[in-house]
*Asks:* 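Just passing along the structure, written as structure tokens.
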Amino acid sequence: DTAVSQTPKYLVTQMGNDKSIKCEQNLGHDTMYWYKQDSKKFLKIMFSYNNKELIINETVPNRFSPKSPDKAHLNLHINSLELGDSAVYFCASSHQDRNTEAFFGQGTRLTVV
Amino acid sequence: AQSVTQLGSHVSVSEGALVLLRCNYSSSVPPYLFWYVQYPNQGLQLLLKYTSAATLVKGINDFEAEFKKSETSFHLTKPSAHMSDAAEYFCAVSRATGGFKTIFGAGTRLFVKA
């Protein structure tokens with residue numbers, strides 16, 4: 001009965017490769033997010049989707065491309081991976097109302113070597 | 001623009017002692033404020049949230065926070081620390097402009113000594 005699930009949990013890959021992270025939520029939320037957490041634990045939003053439409057695209061290299069096939073899924077594809085992309089990526093979801101909290105997945109630890 | 005500042009990247013307390021984690025916010029509109037906890041190798045979990053209903057908010061595991069508009073603060077407290085409280089704590093604010101998203105503070109690592 002996992003609410004927000006991400007796969008894979010760990011991802012080790014070489015520079016220059018392309019990889020995807022998948023996210024699914026079964027909470028019936030209409031908004032989904034990708035956050036990046038760096039080695040100092042700082043959390044920064046990358047993207048936000050509402051009803052499959054991109055709402056927020058923070059200053060993220062265009063090597064990162066989110067895709068939302070439906071309201072319950074938000075995937076993240078990364079092209080030409082760089083060492084600096086190593087981080088933990090969190091998927092989250094919420095209702096659109098600003099007073100509702102976000103529910104987070106367990107995170108995907110990406111290591112680029 | 002909205003933002004939150006957490007004072008102190010690390011806080012250390014003894015087991016049984018009071019926990020106080022500080023958070024100040026900046027917002028041009030009435031804010032909605034949250035505290036999240038992150039245990040090692042896990043995602044974030046909501047501890048409590050302020051949505052203007054009451055200034056003193058109670059959360060899970062005996063945590064509570066008080067919204068003080070005059071001080072633009074939303075500090076998190078717990079009367080008696082447990083070893084299991086050791087984790088990273090994040091204060092966050094939500095905004096409405098430009099889409100709905102939550103902006104997080106830099107986090108405070110809580111250490112609990114036996």
Side-chain angles (χ1 to χ4, degrees), chain A residues 2-7 9-10 21 23 25 27 29-60 66 68 74 88-109 111, chain B residues 1-6 8-11 21 25 27-54 57 59-60 65 67 86-110:
Chain A
T2 305
V4 182
S5 59
Q6 298 178 227
T7 54
K9 188 167 183 178
Y10 299 97
I21 306 172
C23 179
Q25 56 95 4
L27 297 168
H29 290 161
D30 54 12
T31 306
M32 295 185 73
Y33 314 82
W34 278 111
Y35 282 85
K36 179 180 180 181
Q37 186 175 47
D38 62 24
S39 58
K40 294 185 178 179
K41 299 293 186 181
F42 186 68
L43 268 166
K44 184 174 168 54
I45 192 165
M46 302 172 69
F47 302 102
S48 171
Y49 269 74
N50 177 257
N51 288 317
K52 302 194 302 174
E53 285 192 28
L54 182 64
I55 301 176
I56 295 171
N57 182 350
E58 295 292 306
T59 309
V60 177
S68 181
L74 180 62
V88 181
Y89 293 84
F90 286 100
C91 177
S93 71
S94 72
H95 285 296
Q96 189 176 12
D97 293 338
R98 62 194 281 255
N99 64 341
T100 59
E101 66 273 24
F103 288 76
F104 283 78
Q106 293 295 295
T108 296
R109 183 175 295 275
T111 303
Chain B
Q2 295 188 317
S3 65
V4 287
T5 302
Q6 292 184 240
S9 58
H10 297 86
V11 170
L21 304 182
Y25 69 90
S27 177
S28 57
V29 297
Y32 284 40
L33 295 158
F34 309 84
W35 274 100
Y36 286 83
V37 60
Q38 184 181 27
Y39 298 104
N41 298 317
Q42 293 189 27
L44 279 73
Q45 303 172 35
L46 182 74
L47 275 178
L48 48 81
K49 63 181 179 183
Y50 166 75
T51 59
S52 77
V57 181
I60 61 172
F67 173 72
E88 192 87 25
Y89 291 80
F90 293 92
C91 182
V93 63
S94 68
R95 71 177 200 188
T97 56
F100 300 102
K101 74 179 189 185
T102 304
I103 298 171
F104 287 85
T108 298
R109 171 62 64 91
L110 176 65

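Here is how names work: the chains are called A, B, and so on, in the same order as the sequence lines, proteins then strands, and each is numbered from 1. The analysis underlying the following values was restricted to heavy atoms, covering all of them including side chains, and did not include hydrogens, waters or symmetry mates. Since this is a predicted model, take the numbers as computed values, not measurements.
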*Asks:* Where on B:Gln42 is there a heavy atom nearer than 4.5 Å to chain A: the side chain, the backbone, both, or neither?
*Replies:* both

*Asks:* Given side chains that start at C-beta, do those of B:Phe104 and A:Gln37 come closer than 4.5 Å, heavy atoms only?
*Replies:* no

*Asks:* Non-hydrogen atoms of chain B under 4.5 Å away: do they reach the side chain of A:Tyr35, the backbone, both or neither?
*Replies:* side chain

*Asks:* Select, from A:Lys9, A:Lys40, A:Gln106, the one with the greatest count of heavy-atom pairs under 4.5 Å involving chain B.
*Replies:* A:Gln106

*Asks:* To the nearest 0.5 Å, what is the distance between CZ on A:Phe42 and CZ on B:Phe90?
*Replies:* 9.5 Å

*Asks:* Is it true that atom CZ of B:Arg109 has more than 12 heavy atoms of other residues, nucleotides or ligands lying nearer than 6.0 Å?
*Replies:* yes

*Asks:* By a 4.5 Å heavy-atom criterion (distance strictly below it), what part of B:Gln45 contacts chain A: side chain, backbone, both, or neither?
*Replies:* neither

*Asks:* Let me confirm one number: the CG-CD distance from B:Leu44 to A:Glu101, rounded to the nearest 0.5 Å.
*Replies:* 12.0 Å

*Asks:* Report the distance from atom CG of B:Leu46 to atom CZ of A:Phe104, rounding to the nearest 0.5 Å.
*Replies:* 10.0 Å

*Asks:* Which distance, rounded to the nearest 0.5 Å, do you find between the NZ of A:Lys41 and the OG of B:Ser9?
*Replies:* 13.0 Å

*Asks:* When rounded to the nearest 0.5 angstrom, what is the spacing between CD1 in A:Ile45 and CD1 in B:Ile103?
*Replies:* 8.5 Å

